[in-house]
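Working notes, beginning with the structure itself.
From a predicted model like this one, the values you see are computed outputs, not experimental measurements. For ligands, and for the atoms within them, numbers begin at 1 and follow the listed sequence.
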Amino acid sequence: MWQKEFETMDRADLRALQSRRLRETIEKVYENVAPYRAKMIEAGVRPEHIKSIDDLKLLPFTSKKDLRDNYPYGMFAVPLSEVVRVHATSGTTGKQTVVGYTRDDLAVWGDVMARTFCAGGVTKEDIGHISYGYGLFTGGLGAHGGSERIGCTTVPVSTGNTKRQIQILQDFGCTFICCTPSYALIIAETMAEMGVDPSSLKLKVGFFGAEPWTESMRRDIENKLRIETRDIYGLSEMIGPGVSFECSEHCGLHINEDHFIPEIIDPETGETLPEGERGELVFTCITKQAMPLIRYRTRDITRIHYEKCGCGRTLARMEKTVGRSDDMLIIRGVNVFPSQIETVLLSFAEVAPYYQIIVDRVNNSDKLEVQVELAENSFPDSVTELEAIRGNIGRSIESAIGISAKVTLAEPRSLPRFEGKSKRVIDKRVLY
Ligand code: DLL
């Protein structure tokens, strides 16, 4: 274990630590983050009302909307001069959700990722192949920080060019890999096409996350790549990857509770649910300096178990998430909100506000198609004109969401109309 004293802490001691850190955090945000102060005043809560983690439920929730309303830095609790890094993830409209880190926050991130890798048997003798994207996405640099923190030789490959990735795995003797589970399957298939025998590699274990995957996908990856696998979960708003991690027992993901306090709520009513019930996961950061979020609604649906694990860790375990309480899609590891696509479509006078978003998975790769109706009065009279509109919409969608989409222009009045709630997203992916 990387930090045994925290990972196996007696639960009563952990609770005391969490309560102390929560009190300090609440005092700090009340003082330094105007939107929090305003929300707490509105809810009639003062920092002195928060004595232990039992008082968490008195505090108002935070959501992506708060981050959007205070874009880009309005939720920061320290001056920008203390912030050494920012990352960003998709917002629900045109603007990104921005998160910040102080130097201490980066150190904590390194530690929680080091815990993750240690739980998969990684030591400083290992060589890490990081194929999560580097950049605003937290996957690449987050995994990178943890790998370096342990002292592993770290290979910052980032995404793309699968054949080159395989060449690097072979030549550099990488012993662990980090990427999305669907990309792991693409690597496996490409290896088969190239005639590379996975047993000839030094690869031992893979850390896969950033999107949902199933136990049968796990078996498939393990068989095809001849490695062990670990699920890793996180979200940019908390820190990135490293919020929770799997150990060799494979019985849920240990939440780094000394940094993030989890709660499960009913997504409809906001009520805290009793231990063991399934609902929406909510987190409170209790050590983040730059941007501590209080009762942040992740929208991920899961259940938490608090019994001690066979591995000796006392940190609570969350089950694999079983969906979301909002309409966010994860396409090729990228978070996409249908509203982002709608915003783009509505900016084109040539199309009507009737569209469908179709997501499918072909050969382990997600495909996105956007069908949109042409406006009745602007039916273009040449194929060239039609193609130009299609091309412009495609480019605008790609620049808004960061991934490409096949755009299909439909005839006026040809797409379904809905009397009740419209169903604009058709997700055909079946996670086997
Ligand atoms: O996906 C951080 C990350 C990077 C996690 C690399 C793991 C590995 P965001 O882009 O902010 O951050 O997306 C967060 O992705 O709320 C979940 O819905 C989903 N997600 C992340 N990990 C898992 C997982 C990163 N292991 C959102 N299983 C979260 C299922 C996951 N869903």
> Is the His87-Phe137 ring centre distance short of 6.0 angstrom?
Replying inline: no
Contact (N/O only, under 3.5 Å) between [X] and ligand 1:
{"X": "Ala210", "answer": "yes"}
{"X": "Ile232", "answer": "yes"}
{"X": "Trp213", "answer": "no"}

Give a yes or no on whether a salt bridge exists between Glu24 and Arg20, defined as a side-chain N under 4.0 angstrom from a carboxylate O. yes
Worksheet item: Under 4.0 Å between a Lys/Arg side-chain N and an Asp/Glu carboxylate O for Lys367 and Glu369?
Response: no
Judged by heavy atoms only, the candidate from Asp326, Thr321, Thr97 nearest atom 30 (C) of ligand 1 is Thr321
Closest to atom 2 (C) of ligand 1 by heavy-atom distance, out of Gly323, Ser236, Gly234, is Gly234
Quick check on contacts: which atoms of ligand 1 are under 4.0 angstrom from a heavy atom of [X]?
{"X": "Gly209", "value": "7 (C), 8 (C), 26 (N)"}
{"X": "Arg324", "value": "16 (O), 18 (O)"}
{"X": "Ile330", "value": "15 (O), 18 (O), 19 (C)"}
{"X": "Gly139", "value": "4 (C), 6 (C)"}

| Phe207 touching ligand 1 at heavy-atom level, < 4.0 angstrom | no
Ranked by distance from atom 13 (O) of ligand 1, the top protein heavy atom is Asn335 ND2, 2.9 Å
What closest approach, in Å, do [X] and [Y] show between heavy atoms, and which atom pair accounts for it?
{"X": "Arg324", "Y": "Thr298", "value": "NH1-O, 3.3 Å"}
{"X": "Gly142", "Y": "Met113", "value": "O-CG, 3.4 Å"}
{"X": "Ser52", "Y": "Leu22", "value": "O-CD2, 3.9 Å"}

Do Arg218 and Thr229 have side-chain N/O donor and acceptor atoms under 3.5 Å apart? yes
Inset, instruction - Indicate whether the side chain of Tyr296 and that of Asp66 have a donor and an acceptor atom separated by less than 3.5 Å. - result: no
Contact region, Asp300 to ligand 1, non-hydrogen atoms below 4.0 Å, reads side chain
So for Glu211 against ligand 1, with non-hydrogen atoms under 4.0 Å, the contacting part is backbone
So do the side chains of Arg21 and Thr287 get within less than 4.5 Å of each other, counting heavy atoms only? yes
